[in-house]
Protein chains: 4
Amino acid sequence: MEFGTNQAIYLQIVDYMCDNILSGKWSEGERIPAIREIAVSLEVNPNTVMRSYAYLQEKGIIYNQRGIGYFIAEKGLTATRQLKRSDFVKNILPRVFKSMDLLGVGFDELHQLYNQYQAKGNL
Amino acid sequence: MEFGTNQAIYLQIVDYMCDNILSGKWSEGERIPAIREIAVSLEVNPNTVMRSYAYLQEKGIIYNQRGIGYFIAEKGLTATRQLKRSDFVKNILPRVFKSMDLLGVGFDELHQLYNQYQAKGNL
Amino acid sequence: MEFGTNQAIYLQIVDYMCDNILSGKWSEGERIPAIREIAVSLEVNPNTVMRSYAYLQEKGIIYNQRGIGYFIAEKGLTATRQLKRSDFVKNILPRVFKSMDLLGVGFDELHQLYNQYQAKGNL
Amino acid sequence: MEFGTNQAIYLQIVDYMCDNILSGKWSEGERIPAIREIAVSLEVNPNTVMRSYAYLQEKGIIYNQRGIGYFIAEKGLTATRQLKRSDFVKNILPRVFKSMDLLGVGFDELHQLYNQYQAKGNL
DNA sequence: GTGGTCTAGACCACC
DNA sequence: GTGGTCTAGACCACA
């Protein structure tokens, strides 16, 4: 994984993990990789990964069993969806819509860009 | 103007100025308020405003006439639009579309949220 | 005349006047345009032109006859040449030579660029 | 390092750093000294050094790794050379050649001055 | 009056 | 430890 420069790395890792949950790669109750494992594979300081795990634990998305590891919480999928959706609707969308107005991008054009994005993703 | 806590103040000022240009409040060739003027009206340190101006000058959106002040560049409107549109299409939209996929938000639902936003804005 | 943004306008005017003297456009003893005249033709504040004239007067290149105007001094051409040449040899050239070394630009290449410059000037 | 009075300190630091890159003292991918470190060694305010670093980052010559430090970019040497060479050919040389013409300094004389400079540098 | 630079010092997020 | 931002205040050159 490559990291952007704008956002904190630990938050980029959080996003990466949320994606894994939402996409079904990690199921509820399943054990997720150890902090050190992730740290090695992402070439990141373990402290940074720890911070991501702590964040997700605080949100009730994962939980820790001492000495064993971290697991996706029982309602981890729902919690993740709520967290992401709330952020999406309350923070992201309003800014997107405002930009559209200022740039004169209509909804039709947005649809076009969406189709382009989908096409690229399917390649 | 009130400032959010996520983004640097000087960047929020940059956005504020881009909005003024895109909305037509400031026209090309027009002089914009002096650094100290803005600093007083926004209750911010002049250095912070200077940073915003330097950023916009670097982008070719405004230019400086020694001892007189800052002006919207000849192609300032176009430059602003390009800057904002590029950021919108390359950085914002892909993340939005990805979120939509992961959250199962369809384009119809997006349209609905867009209409809600428009309705609010018109009140 | 267009002004660069790096150098003070009054110094750019000084250069412009020195050029006129060195190129023989203005001869020793000859009257030069009034401050207001220059100010209008260059679209500049008269104070700025005044500053240029004061600078040249201090260097002994021009002199003032009250109520009549400014004139090129008796040894104005020599004085200008000395001023420019001293600046050229002591300030400009060392930096040029240092840049050449760092950039790996040899004297042959410099000669080539010089010929290119000459060719362009003759068009 | 001693600072001239003509040019802003932060730009003199930029030059100093470009020199280090061009001369091979700092290689691509290598970490460069921390802002505070440079600030202490040059007896300058950290803000001033930061400004130099920000400038070089904007030019793609160095990049930042969060919480770790600044590094010479992958193509840092090329970028530096381009930046410097462009400035040299487009801004410096034309003025030099123009001065030569106005002062009646021929290319032979220039060569002589160049040799003198080289001799001094080798002592 | 205008902007441009610099210092000193503080606070913060992040690794 | 690293950089990033902001404030306060000073000084300067310039128009």
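Source: prediction; values computed, not measured. We name chains A, B, ... by the order of the sequence lines, and we start the count at 1 in each one.
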- prompt: Can D/N20 and D/Y16 be said to form a side chain to side chain contact (heavy atoms under 4.5 Å, CB included), step by step?
  reply: CA-CA 6 Å; D/N20 279 341; D/Y16 159 74; 3.6 Å; yes
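When all heavy atoms are compared, the tightest approach of A/G60 to A/A79 is O-CB, 4.3 Å.
With a 4.5 Å cut-off on side-chain heavy atoms, B/M100 and A/F88 count as touching. No side-chain heavy atom of A/L42 sits under 4.5 Å from any side-chain heavy atom of A/V49. Residues B/N64 and B/Y53 are not in side-chain contact: their nearest non-hydrogen atoms beyond the backbone lie 4.5 Å or more apart.
Straight-line distance from the CZ atom of B/F71 to the P atom of F/dA15: 13 Å, rounded to whole Å.
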query: Nucleotide by nucleotide, 5' to 3', does protein get under 4.0 Å of the base (B), only the sugar-phosphate (S), or neither (-) in nucleotides 1-9 of chain F, counting heavy atoms?
result: BBBBBBBBB
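The strand DNA chain F forms stems, runs of 3 or more Watson-Crick or G-U wobble pairs with distances below 3.5 Å, at E:1-14 with F:1-14.
Of the residues C/L56, C/I62, C/I61, the one that meets the side chain to side chain contact (heavy atoms under 4.5 Å, CB included) test with C/T80 is C/I61.
B/F71 and B/Y63 have parallel rings, their planes meeting at less than 30° on a 0 to 90° scale where 60° marks the start of perpendicular.
No salt bridge links D/K84 with D/D19; every basic N to acidic carboxylate O contact stays at or beyond 4.0 Å.
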